[in-house]
Structure formats: C-alpha cells, structure tokens
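Numbers restart at 1 for each chain; the letters A, B, ... are given by sequence-line order, proteins then strands.
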Amino acid sequence: MPTNVLTWMIFLPLVGAIVVLCLPRNAANLIRGTATFFTIPPLIMAVWLYQHFDRATSDMQFVTKIPWIPSFNIQYFIGVDGISITMVLLTALLSFICIIASFGIEKAMKAYFALFLLLDAAMMGVFCALDFFLFFVFWEVMLLPMYFLIGIWGGPRREYAAIKFFLYTMVGSVLMLVAMLALYFYAEPHTFDLLELASRSGSYSTGFQRIAWIGLFIGFAIKIPAFPFHTWLPDAHVEAPTAISVILAGVLLKMGTYGILRINYPILPAATLDFAFYLLIALGTWNIVYGALCAMAQTDFKKLIAYSSISHMGYVMFGMATMTSEGINGAVLQMFNHGTVTAMLFLLVGVIYDRAHHREINGFGGLAGIMPFYTGWTALAFFAAMGLPGLSAFISEVLVLLGGWRSYPALTIVSASAVVLTAGYMLWTMQRIYLGKANEKYVGLPDINGREIFTLVPLGIIVVVLGVYPRPVLDLINASLVHLNQVVAGKAQVALATAGNMVP
Amino acid sequence: MSDPIAVGYLRWIILAPLIGAAINGLLGTRIQKAAGKNAIAAIAIVPVLISFVLALNAFRQLLSLPADHRFLLDSVSRWIHVGHLRVDMAFWVDPLSAVMILVVTGIGGLIHLYSVGYMHEEPSFWRFFAYLNLFMAAMLTLVLGDSLLTLFVGWEGVGLCSYALIGFWYKEWANASAAAKAFLVNRVGDFGFIVGMFALFWGLDQTGQGTLVVREIAQRAHLLDGQLLWGIALPTFITMALFVGATGKSAQIPLYVWLPDAMAGPTPVSALIHAATMVTAGVYMIGRLNFLFSMAPATLHVIATIGVLTAFFAATIGVAQYDIKKVLAYSTVSQLGFMFIAMGVGAYSAGIFHLFTHAFFKACLFLGSGSVIHALHHEQDMRHMGGLRKYMPVTFSTFFVSTLAIAGMPPFAGFFSKDEILWQAFASPHGHWWIWLVGTITAGITAFYMFRQVFMVFFGEYRGAHGGHHDDAHGSHGAHHGHAVHHPHESPGIMTTPLIVLAAGAVLVGFLNVPGGLGGSHRFETWLAPVLEPAHEAPVHEPHGLVKKVEHAAEETLEHAEHDPLEYLLMVISVLVAGGGILLAWLMYVRGKIDPSFFSDAWAGVPYRTIFNKYYVDEIYEAVFVNGALGLSKMLAAFDRVIVDGIVNGVATLTRLVSQADGAFDKYVVDGIVNGVGAVTMWVGARARAVQTGHIYSYLYAIVIGFVVIMFARLL
Amino acid sequence: MSIGLHHFLFVSLLVFLCGLFTVLTRRNAIGVLMGVELILNSANINYIAFSRYGGGGYDGQVFSVFVIMLAAAEAAIGLAIVLGIYRQFETIDVEATDTLRG
Amino acid sequence: MEPSALGNVASLAYSLPEIVLGAAVVLLFLLDLVVTRKETLGDVALVTLALVVVLSARLLWGDSAALYNGAVVVDGFALFFKLLLALAAFATVWMSLGSREIQKNGTGEYWAVLLASTLGLLFMASSTNLLMAYLALEFVSLTSYVLSGFMRHSRRASEASLKYLIYGGVASGTMIYGMSWVYGLAGSLDFRAIHTALMSGQGAALPLYVALLLTLAGLGYKVAAFPFHMWAPDVYQGAPIPVTAFLAVGSKAAGFALMIRFFFTAMAQSVGAGVYQLVGGVDWSQLILVLSMVTMTFGNLAAVAQQGNVKRLLAYSSIAHAGYMLMGFAVLNDDGLRAMLFYLTVYYLMNLGAFVVVMLVANSTGREDLAGYRGLAWRGGALPAVAMAIFLFSLTGLPPLAGFVGKFYLFAAVVEKQLYLLAVVGVLNSVVSLVYYARIVRTMFLEQPTGGEGVVAVDWHNGLLLGLLTIGTLVLGVAWGPLIDFAGRSTHFLAY
C-alpha cells in the first residue's frame, strides 16, 4: 500500500463506477451501498496518508512514476506534497459525504453513482498528478461527469447551466493545453514532468513566461472562478443537485487555485511575480468585495452561497498573490476551509430545498422555531463562512489579509471590508430565513434527519477543530509553501529589490 | 521584562464556562427535560464560580508578588506559527487583566444567579444559559489572551454571543433586526481592529520583529516610531484603526447605534453584556495597548473628543426616553464616553477605574430595571410605572443607591471614578478645559435623567393598572394572562441578592481609589501602575520597561500627594452640577413644579423631537449605509447578470439584435444557447449555412470566388 | 509568326474559361456536364502542347488519352445519374434539385 | 543510393492486396448474376477486405519498393493508408450488411462498386505519379457517384449523386488543368522528377502557384477542405449512411494520403531530422495554414447552426476535422505528419462510430433528424446513446478518448513550430465544436423522450461493430503508444 496508495485512491472509485454499472437497475440500496463502499477505502487511505505524511520536507511523497508514452515523454507520475495533500484529504472526505448526501437521488441512480465515482477519480487524479499531461487528462475527464450530473439531475434550467459550465471550463482548458505544449517544447529536453519543468524555470525567458502564464491562468481563473469569468458558477450551482454543488464548490473551485500554485508559481516564477503584484492581487480583492456585494443582492439561497464562494475564493487568490508565508499559507488553508464550510452550506441548502422545494430567501421565515437543529447547523456554517474566530475560516482569512498588508495595505483594507459585507449578507439571510415569526406554510416541516446530520457532522467537527487548532493543516502545508515561496521569490529577487520589498 | 510566572490554571478560567456552554448547548434540551431547569442553572453557574475562584486565586498570586513581577502566563499550545507570525494559545494575567477577570467572573456570576430567577419561565432556559456561558468564555478570552489575535478571538466571540442573546427571542422580527444590527455595527469596528492589527504587525515586521503578542509589542513599540504609512505616522494609523474597533465594541460615536437597540435582549443580558462587560472591551483594549496610544497624541485627542461628544449626546438622548432600559442604554453609552475621555487624556487607570465602578452600579441598575420589568410582566414604559417604591423596597433601595453612584454623588463609587476623569480631563497634558466643561455638564444631565427615571418609576402613584406587554414580550409570560389586574411584587430572593451585592459594590468600590486629595492613596491606580503608564510624558524613544513603569507610578503617587487646590474646586463644582440635575428632576417629576412640556415645547419642540428621535442617526445610517450598500449590491448584481455575463459570453446585446433580425433568436433561446458567443457563433454559422443553398452552381461559384480570393491574397 | 507553346496555352485557357462559364451558367444538367468536358479538354490541349514543346516526353500524350477515356466514363455515369434525376424530378434543371440544403 | 523502380512483373508480388481486390470486384459482378441472396455478396466482400487487410499488413515486414516503373510505391506511408482504407471499407461493408437502407435497395453491384472504390483508394495512397494519381482519384470519384446515388428511388440520393457528379467533375477537371501546368513547368508527371526539376530552379513561382492552387481543387474536394467542401453536406445527407461514412472516412483519408505525398515529395525537400522545407518558391504551407484555419472555423460554425439533420451536422463536422488535420500538414515536418496519420486513424474510429449510431437510429425509426434522438438514453437500451456520447466527445477532443490524443498531437506539432495563432484558433474551434456535439448529447441524455420516438434496437451484428469502435476509441485514449509509434514509422516516404 505505501507506494501505490495514491494510485489506489484514484482508481478505486473508477473500479467502483464500473461495478455500479454492472449492478441490476432496480437494486437501489445495493447501488447506494456499493457506491458508498468504494468511497470508504480512499477515505481510510487519506487518513493513513495524513498520518504518514512527512511534514518536514517539501519534497513529493508517495511518488509513483511509470512511463506512459515514452516517445512523447509522458509519464504516469503522481505524488503529493503539502499543497496537494490537503486537497486529497478534502476530496476523499467530500466524496464520501456527497455519496451519502446523494441517497435521495431516484432518477437513473445507477448512472448517477457511476458518474459520481468517475468524477471522484478524476478529482483525485488532478490533485495527485505531477505530470502535466496527466494533470490535464484528469482535469478534462472531470468535465464529462460534471456535465451529465448537472444536466440530468439538475434543476429546471439544468441544460443551460450544464452546457455553460462545460463551455466555460473548456475554453479555459484548451488555452491551458496550448500553454502546456508550449512549456513542453520550451523545456530542453522536452518534458511534461512538473518538477522537471520547475527546476528549469530559470531558463525560460520572461516574455515567454508571461504568455504561458496568462494562458494557464485563464484556464485556472475560470475554475476559481475569478472575475470576470465567474458567471458560470451561480448558474451551475443553482441548477446542480445538492451533492454536486458541494463537490463543485468544495473541490472543483479549488482546482483553479491549486493549479496556479502547482504550475504557474514554480514553473513560471518571474511571470508570477509580475502578475501576482498586479493582476492576481487586484482580481483577488475584486473577487472578495464584488462577490460579497453580489451575494447581498441575491434572493435565491443557493445563488447567494454561490456568490459567497466567489468572494471566499477571492481570499485564496489574494493570499497567493501576497508572496508572503503568511498569505500563501492562509490561501491554502482557506482552500481547505472553504471546502468544508461551503460544503456544509450547500448541504444545508439542500436540506431545506428537499423539504420546501424552493430556495427563495424571502419565502421562508421563522424556521428556527420549526427546525431548531437545522437552524443550529446553519448558524454554525454561517458563522464559519463569516470568518468568526473559533471556526476554521477565521484563521485562514486573517492569515491571508495579514499577509496582504505588507505589500498592499490599501487593497488589504478594501478586502478586509468584506468582513462587514459578509456579515451583512449572512446575517440578513439568517434573519430572513430562520428568524422572525414562523411561516405558517412550513409549520410542521420535519427537522433535519439522521442521514443529513451524518453528512454534516464530520464537516462541523473539522470546522470547529481547525478553528481552535489549525496546526493539523498548517503543519502539513507549511514546508511545501515555504519552499514554493522561496522558489518564486528567489527567482526574481532583483525584481523585488527594485520594488523595495524584502522577501522572507 | 521579567520572566512570566508559568501557571497552568488560567486556561480553566475560560474552559470552565466553555464546557458549561457546550454541555448546555449540545445536551440542554435533554437535561432540561430530564432534570429540570435547576440542573441547567447549576451546570451554568458552577463553571462561572470556578472561574471566579480561579480569578481570585490569580489575583492572590499576583498580590503575593512584587509589583514588577505581577505577571502570570499559561501557555497552552502553539497556535499559528506561519511565516513571521508566532501566535500561541496562551493566556496571561497581569494587574489589568486581573481586574477585568474579577469583574467579569464576579459580576457575571451574580448575573447568572439573577437570571435563574428572571428567566425561570423561559422554555429555552438551557439555550439562554448556554449562550451566557459561551459569552463568559469569549469575554474571558478577550481579557486573558496574550496576543492581539487571541484578544480578537474573544472580541469577535463576545460579538457573536451578543448577537445570539439580543436575538434570543428571535420570533420577534425587531429583536432579530436588533441582533443583526449589533453584530454588523460591531463588524465595522472589527474591521478597524484587524486593520490596526495588521498595520501593527507589519510595522514591527519591517524591522524584523513582527509580533502580535502584547508583551512583546510593549517591548518593541518604539520600533514603530518614525515609520510612515501614506504620510501618517504609523503609531497614529494603528491606534486610529484600533480605536475604530473600540468605538464599535464600546458603542462610541459613530458606531454607538447598536447599543440602544440591543436592549431587545433579556435584561440580564443587557446588564452583563451591554453594561458591565462586553461594551467595556474597547476601553480595556486601549488600556491594554496604552503604550501605543501614548505614542500617538493625535489619536488621543480624537479619542478624548469622541468620548466627550458621545458622553454628551447620549446623555441628551437619555433625557427624552421613556423606555426604562433605553434610558439605561443611553446612560451606558454616555458613561462609556467618560471612560474614553479618560483614555483620551492619557489617564488610563482613571478610565479603567470608571469601568470598574460602572460595572457595579450599571449592572445593578439594569438588574433593578429587570426586576421592575419582571414585576410588571414585561412593561418597560416608565409612563406606566410609578410608586413602585412601596411594592419593591429592595429593588428600589439598590436602584436608588446605584443612581446616586452614577450621578456622581459622594461618597458613592461613581463619584470617585468620574471625578478623577474630570480632573484628569482638565489637568492632564492631553486634556483641555472644554472637555472638562462638557464632561461636567454631561454629569449634570446624567444626574437629571437618572433621577428622572428613579422618580418616574418608584415615586408617585402606580400608573400601570393593566399589565402591558409589548416590547419585551415573549411566550414565557403567557401564564399570567389570567390575571385581569395584578399588583407589582418584589422579585424573589435569587434576584434581589445580586442586587444587594452589586449595590454594596456601588457604594464601596469607590474607596479603592480615593484620591490623595481626599486622604486616599490611589490604591487602584497604584495596582495598575505597572501596566498603565499615564501618557503624561510618554517616553517615545525608550523601551517601555516594567521597572521604568514602576518608577513612574511611584512618581505619580508622589505627585498626587501634593494636590492642587483646583482639584477640590472642580470636585465641588461637579457635585453641585449633579445636585442641580437631581433637583431639577425632583422639581419636574416629584413636585411637578416644572412641567416637562416647558422644555419639550420650547422652540416649537424641534430640539425635543430631535433628541427624542435620537438625532435621527438611525434613519440617516439606514438611508446612507444600509440602503447604500444594498443599492450598490443590487447594482453590482445586475451588472454581473447583464454586463459581465454578457460581455464574457460575447457581445450579447449586439448579437441579440442581429439574431432577432434573423428571426432565429427565439429558437436559439429555446434551444438553450442564449449566451453571446453562442449567439454570435450561431449567427455566423447561419450565414455560413446560408451559402449552402442547395444549388450546385452556387457551390461552384464558391470555388471560383475562393480561387480569386486566394490569388489576390497571394498577389497582394 | 509560327504557332508556339503560348498559343496552345492561350487557347487551352480560353477553353478552360469557357468550360467554367458553361458550368456556372447552365441550368441544364447535360449542359453542365458538357462544361466539364470542356474543362477536361482544355487540360488535354495543355498536355499535348507541353508534351510537344516541353521536355516531358510522351507522358503528356498518354495522360490526355487517359483523360479522354475517363471523360467518357464520366459522361456515361453522368448521363445515368441525370436520367435518374429526370425520373425523380421530371426535370434536369439543376436549380430544381435543391431539396438538400442548409 | 537510389533504388530503381521495379518492372511490371516484379511488382506483382507487392500488389497482392490490389490484385485480390480487383479479382473480388470481378467475382462479385459475376456472382451477382447467380446468387439470389445478396447478403452473401456482402459476406464475400467482407472476407475479401479482411484478406486485403492481412495482405497489406504482411507487406509491412517487407521492403519498400517503387512499382510499375515508378507509377506507384509500396512504402510505410502507403501501407499505413492501405491498412486504414481497407479497414474503413471493411467497416463500411459491415455497416452495409446491417443497414436497412442498403438492404431495402439490395442489389449485388453495390458490393462490387464499393470494393472497386476501395481499390481506387488504395492506389490513391500509393501513387507517385500525376497520371496514376489522377486515374486513382477519378476512379474513386466515379464509383462514389454511383454509391451515393445507390438508392435509386430516393430523390435525395439522386440529387446528392448529381451534385457530387457535377462538383466532382469540375473539381477534378480543374485539378488536371492545374496538373497540366505542373507537368509543363516541371517537365514530368513523376513526383520525384518534379521535385528534382523544382530543386534545380525550373518553373516560375507564380504559374507554379496557380497550378498548385488548381491542383488543390481536386485534392481539397476529396478531403472536403474549404472552399472545396460545399458538396459534402448535401452528399452526406443524401447518400445512404454507410456510403456517407465511407466518404467521410475513406475518401478523406485517401485524399490526404495523395495530398501529403504530392506536396511532401514533389513540392518539399527533406532537410533531415524529419523537417521539410519548401521548394520551387511556393509557400504552400502558409496557404494550407490559412485554409486550415478557415476550414475548421467554417465547418464548426456551420455545424453549430445546423439544427436538423444529424448526418448533415456530421458532414460539417467532418469539414472541420479536415481543417484540424490540415494543421498537421502546414507545419511541414514529420511530427505534423505523424499527428495527421494518428488523427486519421482515431477519426476513422470515432466518426465511423457516430455514423453507426446514426444508422441504428435510422434503421429503427427511419429518422435522421435531431428530434429523433430525443431521450435516446432513456428509451431502453442506452448503448447507442452512450456510444454516441463517447464518439461525440471524442470528436470534440476530450480526454481520455482517442480524439483528444489525436488533437493533442496535432496541436503539439503546431506549438512545436510556434504557430501559436493557429494553435489558439484550433483549440477555440474545439470549444465551438463542443456546442453542437453537446447539443446531440443533450438531446439524447438531458431531454426526456416524448414517447413516440420508438426504441432503437441493437442487434448483435451492429452491436459488435459499435462495441469494437467504442472500445477502440476508449483504448486509444489511454494506450495509444503503439499506434503513435506506428504512425511515426509510417511518415517515411520511399525515396527511390
């Protein structure tokens, strides 16, 4: 297991997908059970990974490297470092949770679970891949199941949302493909090995780096989603079934920022410095504030959460762009935290949608009296999303903003204003849905049930524990990020020196 | 700085109530069903008691140490070690935080006790105590946190609990709104706080010494000197930002608006959170970072000015209120203003002392008002009260004592603390005579409206024949509806006992800091001296060593020994002014010699209406900020929907026009391709398709045209 | 003035253009096919001329023989198809055969 | 070292596939007279083509050789195409055996003409002489006219056939007119001799350019490249589905084979390391580059606007794919050629697969319009829909499907040459193509059947073909190593 653990984690769900497809159509419980069964081993392996991960090194661990297409120097090369392991853990956890959260799916459930498991495998692959080609393959493979999952099991405008998601992401990924090829041919000898590419980053001319950076960035920015490429997200979220929204917000969005950290940063450091100081930081700030303001105006509960995701992912970009240990650690931590918090939020939206069959914020009222436990969970998630101390997102947001101050005090102030805006829309929503007089229509609505609570509990525990004690994640990521920061900074100390900044 | 004494029990001061909150919060319903409300109460009160005992122990331990070694540290674990940021989960006690934890746990404990009686009919009894305990934990974190970040954890935590408790009766829309308002306004302050925190960290980091640990900041604060941010001296920037945070939490202009609304919460909450503890967090924070504020005289001036203005305006509003709790709320705002005056003139210990005394008498006043409200079944309008003195002797006497204290009548606690502030406002190098003047007038107004309240509530005849129940109404008093007429009655012992204790405090605690002029020894100030250095001659270029502080304190004490005759004069004046206020109230509301309408109708009633409507600040905020933000957000959302979605997807409008002309657009919409690029693509595609007429010769023409184009392209 | 390569080429170009013109303007399927024949013949002229004047040997002549042969085959198939069209459409006007379009 | 061309008799040993095929054509004509069960003829054709595949494959282990005094060659490049074309014909015959359209019009000569056409294709892939090329091409054309008009009682088939005939006639006429100029300028019909002449500076650039352009008309029409593509939608729509598939895969591949060999051996010079440079002062690679961009853009945009007939949509898509493949042409090196060869192979799998599904739907419901696909996945028996989705996404170029790998190599070749504009246009075209491919997928999966569409039955015969093509598309998406190596080895032309 030790050496191949990541391979197992990637391909077990795939095996599961095939197994599910072979099951009889009507055996609902068998299908559910099988699907769940195939997400459990990856989860256990994730825990094992967590325990055995060497926190002291920034090197890749649990590496598997097999030639795939030798003539084109393509390898099956996977491994994890501090940046990816958090995402692997998150993916394993959320996949399991979302399978459970999908038990309510009735329509063509065999296909649903098979596609879901395929999606799971692809996501895992993206985070483990260390060969650019492999990365790209997994990246694209993810699109297909997602398209169907939104398109078949989604809401009323699912077809529109699905194709919009597909097209947007596709635009980004084809540009990534071109940039990937350009990198491949630029490196001597030609290689897709991300580590090799990074180690030769010194030999890439700045002009080339900039073009390649932009090409890659657009691909990633669409996924994050960064303004102005974000408009697919609200549509996709609103239409997607609950579990898919969770995966979308919890894992898929992270791929954008993960990609930037994994590829743009180490391989194109000079361009990264150029762009981080202007483009990335500005987009981050804008995402934070813009997302929050847009969220405030929404009347659809899910759309509001979707826009809040845009805002929260802004923190990740902001943190990465700061080029400080604090900011970049905060960014990765925020990726993890947003994954858990937003997953809770979407699960909670799903709970109420399943009961009331609508998501109009103004169409509820006083649910706290009707569904007290549900309200309690929502409050936890809301407060976590607001970045209240004691809950996980607080630490990452503080780190991100703290990191930002060194070079961008003004933008940090602008971004920090989101603490007010976020509180504004969250509290307002809280009030409109849960507080006040109970809406007659929904008196007698059943409270959150055991299965739903079961999906929320692990997330809730993580949110609270990491809020009080963030070290489990910080220790995982720190070594790799310090190294990354050094790589980027080291490559262009000259540039920084002229800007009058010192890099730790 | 001398090494801290490592201890292991400070964490339990926080953990005890936290555990209580966890038990009640998670298992409360079951416990309440199984073991009754008393079990809930016990689970909530015992931890507070433990905290109090531990706090006392810490205090005792500090006392046993020499003045410059009074410093206990409980380092629990590493917390955030990232980059240059080193924040541990660590709690400390020094003389300042010792005072605070005693206040919080002591008064908090009393209020817990009181709540058992006050809330006994509440079905969500468990929830209330869970919140209350959680609040205690948060507040204690705020006080004990050894770094600004841990302090901030508590800082936000109390905000959250405040939100939960204000909105405790969430079924009333107004309560929910008040809760949200409180949280939001506090968030604005928090925004300032974190900005200040970041600026501070990077200011220090610029010199390679970045830290957020308060005692390290104290040592390194001098490094900030000379740094500029956008042309502003960094210490000034930092302290201004932090002060914004303080105005939010401590309800100062311009962020005081939430506090009066916060009275929507149960009265014990008002007493605990919105009078005695949480709202003083801003003052505490300034005291905590006094060395920084001393480096920024400009900020100090702003603080003093804001403080005095808040004190004055809040007092004037208080004059015209009829809600028994609103009056107290505005008086709290006003008293907090006094504390900020003290901070602003650099007399930190005077501010902290006022905080200390205020906690007693204001808690007592709130609990007294709660007792009244309880007795009158949630009647809060003072016009429906009167003559309660007869029915509720204990409540009356404690309330009266506390009113005397807040009015600044000697020898009650408020006299000593308020007078010290006024004197410092006048005499401190950062002070000014006009601050003293406005402060003294405010003290007079305070005396007036507080006695107006006493007279309206406890004197005269009972005016509330019917049991009104609006504002504070909730399900719990349904049982009383059977009584057509009922008489007010004294509250049970569990409620009056805390009143008595607090009233005793209101009488006595003032003597802890009797100024030298009155034969005292400034014991309180001396106790705080190692921490709070008056900003008189703040040595900006020297490290703030503890030893130095002690020396200073000694000098201070000496200075006060040879007191200025002026001090006596001012003391007399302020007492006279306060007395005047009381007299006026007596004349108006007991003797009826002066009709209140004499004032209310003056100048066509404009001043009165303005005050009555709280200067319309809420309305202005609503119009400008709330609607402004909402409007902006709606605008942006529309922008997002129409423009961004449009542009990114292609020039939507243009293509729509084109496609409409084509008559094909609807079809495309139906087909699900509404996006711009989609439409452009479709349009071009349709044109391309249109070439395919089905006529073979047109295809052949295409070849010929293709040839010609290619040839020309080549020739050109 | 002796007749040289250029004259042949010019004639062949004219024939080519005539063929093209016929193809483009005729509505009658047979007419169009005849235009195609003209184009083929213009090529034949070229091959013969190049074969005669250029250095290509007999290749050109062979080519033109094959072109003539294939033109015949094409004509045969073409006429069969046109006949089919006539059966279906009752006309051999190429403008009428536009059911396949868009 | 120049191996000389073999004589006629010596060449026969290398021509076994063609000989077998030719014999089979004759045999089929004869059998048609005696056999009453016409499916038997199809079986014979199937066996013949299998034999051709085997025989062609055997030659892979032999030497390269120039045959018939230099008219045709047997080299890696030719054999690659022969295999591909024979397989395409094989699949077409298989399809035809399962096609309701063909069976309804069951006549014996269909199989013979199909095999004859295949024979022409094989010669197109191997000819090294303008005359031979013309003969092969014209042979294919003539048989194709017949095939596309095979459904004699169908108006659209007749119309398609007529249009094809006229368009093809004009295009090939234009081509031989252009060839005559090449012949005149270079003084030879032999590719190698033309090359030698151009190397020695013979032939003025402008007339040569015009000649090439005119020649391109015939080749471009075979591969359906802009602006010679216009017959394709009509003919694809009108012809029987197996024939359409044959035209889309077979003719196109053979057209590319001839085009590559002509341009690379006659109009370019290998400078080693798999890189070519232009000769004769004609920058045809630039021309191809522009044509490539225009072709794919046009094809995709037109396909996007195509709402009704799925076959017609696939026709536009095949135009677009011609554009993609031309990218590999324009980069002027072995990597580009390898990418083209590889792409043609995967295109064979996925496009043929798509046509099989179209045929299945048409067999069961008689419909070719998009509405006939509504809810195909939910009508019971999801195999056609799933397979179709795989083929369509493969055509889009999504991993882990073969089409992605194909496009990947094409783009890689383009990027390697640093033709970034072409690369970006190409990838953006992939995105556009997603619009219409996904529309079919949406119709099949995201829409619910209204009830009247009928069940699409899959018998074992068609199912097996569909399965093989699907598996091929999937397998080549993850394990394409051997194929790409094979394609790489096949980019070498015999320099005799």
So what's closer than 4.5 Å to chain D heavy atoms on A:Phe166: side chain, backbone, both or neither? both
Proximal component of A:Ile211, with respect to chain D [non-hydrogen, under 4.5 Å]: neither
Shortest non-hydrogen contact from D:Pro400 toward A:Val137: CB-CG1, 4.5 Å
Closest contact, heavy atoms only, A:Ser71 versus D:Ile484: OG-CG2, 3.9 Å
For A:Val174 and D:Val431, which heavy atoms make the closest approach, and how far apart are they? CG2-CG2, 3.6 Å
For D:Ala412 and A:Phe185, work out which heavy atoms get closest and say how close. O-CE1, 3.0 Å
What residue, out of A:Ser173, A:Gly151, A:Gly154, A:Pro70, has the most heavy-atom pairs lying under 4.5 Å from chain D? A:Gly151
Compute the ring centroids of A:Phe72 and D:Phe408, then answer whether they are less than 6.0 Å apart. yes
Shortest non-hydrogen contact between A:Glu140 and D:Leu398, atoms and distance: OE1-CD2, 3.4 Å
Which region of D:Trp378, side chain (C-beta onward) or backbone (N, CA, C, O), has a non-hydrogen atom less than 4.5 Å from a non-hydrogen atom of chain A, or is it both or neither? side chain
Tell me whether the centres of the aromatic rings in D:Phe445 and A:Tyr147 are closer together than 6.0 Å. no
Full working for side-chain contact (heavy atoms from CB on, under 4.5 Å) between D:Phe411 and A:Leu177: CA-CA 9 Å; D:Phe411 289 128; A:Leu177 173 67; 3.8 Å; yes
A:Trp68 side chain vs D:Val478 backbone, donor-acceptor pair below 3.5 Å: yes
How many angstroms lie between CD1 in A:Ile150 and CG in D:Leu446, if you round to the nearest 0.5 Å? 10.0 Å
Please say which of D:Val427, D:Leu434, D:Val432 ends up in a side chain to side chain contact (heavy atoms under 4.5 Å, CB included) with A:Met170. D:Leu434
Could you look at D:Gln418 and say if it's the side chain, the backbone, both or neither that has a heavy atom under 4.5 Å from chain A? neither
Close side-chain approach of A:Ile163 to D:Arg439, heavy-atom, < 4.5 Å: no
Interface moiety of A:Ile152 toward chain D, non-hydrogen atoms closer than 4.5 Å: both
Go through the atoms of A:Phe133 and report whether side chain, backbone, both or neither lie under 4.5 Å from a heavy atom of chain D. side chain
Atom pair CD1/CH2 of A:Ile69 and D:Trp480 - distance to nearest 0.5 Å: 4.0 Å
